Amino acid sequence: MPPTGSADASVGPLERGLAVLRLVAHAPGGRLRASELARATGLARSTVDRIAATLVRLAYLREEERALVLAPPLMALGAAYLRSSGIPAALGPLAAELAEELDESVSLAVPDGDAVRFVVQNTRRRTLSVSFRVGDALPAERCAPGAIFAADWSAGQWAAWRRRSLADPRDEGFPAVPRPSAPHLPEDGFRALAAAAGERGWAVDDQLVEPGLVAVAVPVLDPGGRVVCALSIVSHTSRHGADRLRELAWDRLQRTAGRMTAALKAPAAGRPAPAAADATADAKRAAGPQYLQSLARGLAVLTALGEGPGGMTLSEVAHATGLARATARRSLLTLQELGYATSDERLFRPLPRVLDLGYAPLSGLALGEIAAPHLAELVRRVNDSASVAVLDGDDIRYVVRVAASRTVRVALAPGTRLPAHATSLGRVLLAALPAAERERWLSGAGLRPLTGLTLTDPAGLAVVLDRVADDGFALVDQELEEGLRSVAVPVRGRGGQVVAAANVSLHAGRTSAEEARTRVLPALRETAARISADLAVVGDSQLPAPD
Ligand code: PHB
C-alpha cells in the first residue's frame, strides 16, 4: 500500500473525522458529548469542536443538549458501499423470496476483516430477542457465515482474528451482539468449524449468538467461483434444531444460492456519474475557519464511490466530486489506508467497514424519531407547537408532537386521534388519497360538527380537498376548536408519495390567517422538506436510487 502520510495536514482531518463518526455510531443511543469524544480520541477539545462543527454542517451529526447525535443523512456513506457492491440490488429480491417460501428470517452477510457484516436482512423474528439490521457486524466465530469466510483466511487474517479475540473477550467492539454467555471458541475449535465449512459448503450456528437462535449458512459465489457473501436462514430451537433446519431448508438454500450466482454475472456498467462542482468550496466560504474542508472533501469522495457499481477510476471520482485529481487521490488513499476503500486495476471501491459509520442504528429510526428534531427546530423558529400525523380510518393519529414552551398550549400526546375532516393535517392526508379512495372516505365518514365553523358537507369538503392538493397546504380555521388555527403540509417518502403530514397549531387570537400563510407556512415547508429528505435515505436505503 503506498504511504499516504497521515501526518499530512490535509489527510489528518479525514482520519480524525472518521474516528469521531465511528465513536458516535458505537455510543449508546448514537450520542456522545464533545468532552467524551476528546477523552476517547485523545484530541484537543478545539480539534474535536472543529470536526464536530464540520460534521454538523454536513448534517451527518446534529447537536442536541451539548451532545452530538447521529443524523439520517449519514446513511449516505453506508449506502455508497451497498450500492457499489451491487449485492442488495442483485440479490435482495431472491433473499426476500426465500424468506417468504420458508417463512423464516433470511440474510446476506459479507466478510469485513475478521467480522461478518449484514447487507440484506429479511426478518421474521418471533421468539428471538436479538435481531440484526443491515450494517450490523458479528464476530466471525459467533455466526454461521463467519465459518464460511474463515475457510479462506490467510495466516495474516487468522493472526488479526486472534489479536481481536484476545483483546476483546466480551465482544464490546460489536454493539449489536449480546455479550457472550460462554468464553470465546478456542482457536482450534473455530479452525475446525472453518475447515468443515470449507469442505462441506455449509456451516451451522447452534446458538452462538444467543440461546435459542440457530442458523444455517451457505456461500454465494460469483461466476468466477469466489465467495462474495453468505446466505443464511435463521430460526429458533422452539421450531427446529440447527440440524433439522438444515435438512428442511437445504434444497431451497442451494437453489437460491445458485440463482444468486447467476444474478451476479458481470456487474452492469455504471452510468457515468454526472459532473459536479466542488460543493465543499462554498461551504468553506460560508462556514469560515471552523470548517475542515479536507474532511468534507474526503466524505464527498466516499459518497461518490456509490455512484459507480463495481468501482470507479480516479478520473471518475474527480469528475463526480468536482475535485482536482490530486485532491481526490489524497482522499482515496487515506480511505484505503483506513480500511474504508480498496482498489484494484485502477478501480476504487468502498468496503463494508463504511457501514460501521452509523448505518445500522439510523436504519432503525421510526418516522417520529426522524421528525422530532426537525419539529423542535421549527418550534424554535415559529414559537408555536408542531406535529406530524398519519391517517388512520376516519381520524388522524399523532406520531410526534413538539409543544412550544408557552403556558397556554394544546396538550396532545403521540397516539392521540382527532377527526381528519376538521384538521389541517387530516385535510392534507385526505387530499393525497387516490380519487376513488377519497370518494369512499367522504361517503363513509360522518362529518361531525365540532364548532360552529366545521365544514360537514361532503361535496363542500371535496372542493376544499382539491384546493389543498393544488396549493400543497391546508389552513383550517377554528373548525376543530374555537380559537385554534392550524396550517399543514405533506411529508413525502422516497418515491414522492405522501406518507404523513406536518403542521403548526396557532392561537387564532395571536396569529392571523394571513400571518399563518406568510410567516409560518414557509418555515413549515422547509421542515417538511427536511423530514422528507431524511425519509428518502432511511427508507429502503439499501436499494439503489430509482432512475
Ligand atoms: C442473522 O441473519 O440474524 C443471522 C445469520 C446467521 C447467524 C446468526 C444470525 O449465524
Side-chain angles (χ1 to χ4, degrees), residues 82 87-88 91-92 94-112 114-151 161 171 174-182 184-185 189-190 192-194 196-198 200-220 227-246 248-250 252-253 256-257 260 352 355 359-361 363-364 542:
L82 292 172
I87 295 175
L91 310 186
L94 293 169
E97 211 179 291
L98 182 64
E100 190 65 37
E101 271 177 27
L102 295 169
D103 195 22
E104 299 282 6
S105 299
V106 170
S107 63
L108 289 168
V110 293
D112 181 3
D114 63 353
V116 164
R117 204 174 284 279
F118 291 108
V119 293
V120 168
Q121 269 291 353
N122 287 275
T123 308
R124 279 176 166 62
R125 297 285 151 95
R126 302 171 185 95
T127 32
L128 301 171
S129 61
V130 57
S131 172
F132 297 108
R133 303 158 297 193
V134 169
D136 279 330
L138 264 64
E141 69 280 12
R142 282 185 69 189
C143 61
I148 288 184
F149 301 144
W161 173 82
D171 296 337
F174 298 90
V177 192
R179 294 309 120 233
S181 50
H184 272 183
L185 204 56
F190 185 37
L193 282 184
R200 301 172 182 147
W202 53 265
V204 300
D205 161 1
D206 193 355
Q207 312 181 66
L208 295 169
V209 172
E210 67 165 2
L213 188 156
V214 290
V216 183
V218 296
V220 175
V227 177
V228 172
C229 58
L231 169 66
S232 301
I233 151 156
V234 189
S235 191
H236 191 266
T237 46
S238 62
R239 287 196 299 288
H240 321 289
D243 291 331
R244 179 83 188 117
L245 177 66
R246 187 173 60 79
L248 284 173
W250 185 247
R252 287 198 170 108
L253 212 43
T256 303
M260 288 182 166
L355 288 167
Y359 192 90
S363 72
Q542 66 269 49

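What you are looking at is a predicted structure, and each value in this text was computed from that prediction instead of being measured. For ligands, and for the atoms within them, numbers begin at 1 and follow the listed sequence.
- Remark: the backbone N or O of L208 is paired with a side-chain donor or acceptor of R142 at under 3.5 angstrom.
- Only the side chain of S232 comes within 4.0 Å of ligand 1, judged by heavy-atom distances.
- Comparing N122, D205, D136 against atom 7 (C) of ligand 1, the shortest heavy-atom distance belongs to D205.
- A salt bridge is defined here as a Lys NZ or Arg NE, NH1 or NH2 lying under 4.0 Å from an Asp or Glu carboxylate O, and R252 with E97 fails to meet this definition.
- Atoms of ligand 1 found under 4.0 Å from any heavy atom of V234 (numbered from 1 in listed order, with element): 1 (C), 2 (O), 4 (C), 5 (C).
- In summary, the atoms of ligand 1 found under 4.0 Å from a heavy atom of P145, numbered by their order in the structure, are 6 (C), 10 (O).
- Within the 4.5 Å cutoff, side-chain heavy atoms of V218 are placed close to those of W250.
- Checking only distances, A215 never comes within under 3.5 Å of ligand 1, N or O to N or O.
- In summary, the atoms of ligand 1 found under 4.0 Å from a heavy atom of C143, numbered by their order in the structure, are 7 (C), 10 (O).
- Contact annotation: for Q121 versus ligand 1, heavy atoms closer than 4.0 Å belong to the side chain alone.
- Close contacts of ligand 1 with F118, meaning ligand atoms under 4.0 Å from a residue heavy atom, involve 1 (C), 2 (O), 3 (O), 4 (C), 5 (C).
- Checking L98, L94, V228 one by one against M260, the side-chain contact (heavy atoms from CB on, under 4.5 Å) holds for a single residue, L94.
- Of the inter-residue distances, the one linking E104 atom CD with L248 atom CG reads 8.5 Å to the nearest 0.5 angstrom.
- Heavy atoms of L213 found under 4.0 angstrom from ligand 1 belong exclusively to the side chain.
- Formation of a donor-acceptor pair under 3.5 Å by the Q207 side chain with backbone atoms of G212 is found in this model.
- For the pair H240 and V214, the minimum side-chain heavy-atom distance is 4.5 Å or more.
- Atom CG of L253 sits about 6.5 Å away from atom CD1 of I233, to the nearest 0.5 Å.
- Every atom of ligand 1 with a heavy atom of S107 under 4.0 Å away is listed here by number and element: 1 (C), 2 (O), 5 (C).
- Neither the backbone nor the side chain of S131 comes within 4.0 Å of ligand 1, counting heavy atoms alone.
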